[in-house]
Amino acid sequence: MPELPEVETTRRKIEPLLAGRTILSVAHDAPHRYRDTHLAHGRQVSGLSRRGKYLMLHLAAAEADGEEHDLIVHLGMTGGFRLEEGPHTRVTLTTDAGTLYFHDPRRFGKMAVVPRGVYAGMPTLLAMGPEPLSEDFREEEFVRLAATAGAVKPWLLSQKPVSGVGNIYADESLWRARIHPAQTRLTPEEAGRLYHAVRDVMHEAVEAGGSSLGDGLGNYRQHDGEPGAFQTRHAVYGHAGKPCPRCGTPIQKIVLAQRGTHFCPHCQPRRTEDPA
DNA sequence: CTTAAGGCCTGTTTGC
DNA sequence: TGCAAACAGGCCTTAA
């Protein structure tokens, strides 16, 4: 599942293929899912950036309107760019220097072309919290917000306290911080541990090129088919029943807020009484 | 305002 | 064996 590390890896890998190129066409047959992509035609790609799990292709102004645009891409669960067409190719992106194919078996991915910075109609992007690897992500603020939050895992997944955390990295971060996924109202000590766990996990995962899991459809790959390497460092995600790397207790899997949730019942006990 | 739940979508896995 | 049901899950929409 593409989360921040996978989206960042995608950005780094396809930027050399797109920067400075002119988009000739964005072809697909799902205008509701890939909105206003015709607005990208004829525009030059000035660069790529990322916000949370959103990928942004910055498009130079066209002669007709003099306005810069963004082609916003969300990879959803199974989206990714490839060099070759396949059975799940949903969008064909043709430039003056080659073609990229957007694969997305489960069709959770989305695209939209909008005037630069106009994100109306994208509530998650508008309300997005700070980037976990930037200086905007401040421990004090995170600790303050966590003190009154509900169950910590759904809170992390909301993208509001910090951006880019999805199901895999939420479970891994909570395991490192030794906090139960359903814990509410974190103490300053707990929130501080979680702050550093999120930063460390994201940093390590980006360096490893993200996580590639199994051989199934949800398996994230880079555009050239290369897998990431972080999955070998997962302590709990996908490890139900296997020993906790820290204490040996079998990892437990539960459903929390409709998400598969993995944790160590020994290292991550639920704190029931309020700290005095 | 906040929080919770349903829906989207389809290949794979599980269960009868 | 074969088919149906459950499962995976990020984010939007709707509801409370």
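Lettering of chains follows the sequences in order, A, B, ..., and the numbering in each one begins at 1.
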Inset, instruction - Between A/A257 and A/F108, just flag the one whose closest nucleotide in DNA chain B comes earlier from the 5' side. - result: A/A257
Inset, instruction - Examine C/dG10: is either OP1 or OP2 under 4.0 Å from a nitrogen or oxygen in the side chain of A/H74? Give yes or no. - result: no
Inset, instruction - Identify whether A/L17 and A/L48 are in the same connected component of the hydrophobic contact network (ILVMFWY, side-chain heavy atoms under 4.5 Å). - result: yes
Inset, instruction - Using a heavy-atom cut-off of under 4.0 Å over every strand shown, decide if A/P154 touches base, sugar-phosphate, or nothing. - result: nothing
Inset, instruction - May I ask you to evaluate whether A/K253 reaches the phosphate of C/dC7, defined as a side-chain N or O under 4.0 Å from OP1 or OP2? - result: no
Inset, instruction - Would you indicate, yes or no, if C/dG9 has its OP1 or OP2 atom less than 4.0 angstrom from a side-chain nitrogen or oxygen of A/R259? - result: no
Inset, instruction - Could you tell me the separation between the CD atom of A/Q159 and the P atom of B/dT2, rounded to a whole number of Å? - result: 16 Å
Inset, instruction - Report the distance from atom CZ of A/R50 to atom C1' of C/dG10, rounded to the nearest whole Å. - result: 16 Å
Legend entry - For atom CZ of A/R33 and atom C1' of B/dT10, their distance in whole Å: 11 Å
Inset, instruction - Give a yes/no on whether any side-chain N or O of A/R90 is located under 4.0 angstrom from OP1 or OP2 of B/dC9. - result: no
Legend entry - Atom-pair distance (CH2 on A/W155; C1' on C/dG10), nearest Å: 19 Å
Inset, instruction - Apply side-chain contact (heavy atoms from CB on, under 4.5 Å) to the pair A/Q252 and A/F263, showing each step before the final yes or no. - result: CA-CA 6 Å; A/Q252 197 171 336; A/F263 70 104; 4.0 Å; yes
Inset, instruction - Rounded off to whole Å, could you give me the CG-to-P distance for the A/L256 and C/dC7 pair? - result: 16 Å
Legend entry - Nearest-Å distance for atom pair OH/P, residues A/Y119 and C/dC11: 15 Å
Legend entry - Distance in angstrom units between A/M122 CE and C/dG10 P, rounded: 18 Å
Legend entry - Side-chain N or O of A/Y169 closer than 4.0 Å to phosphate OP1/OP2 of C/dG9: no
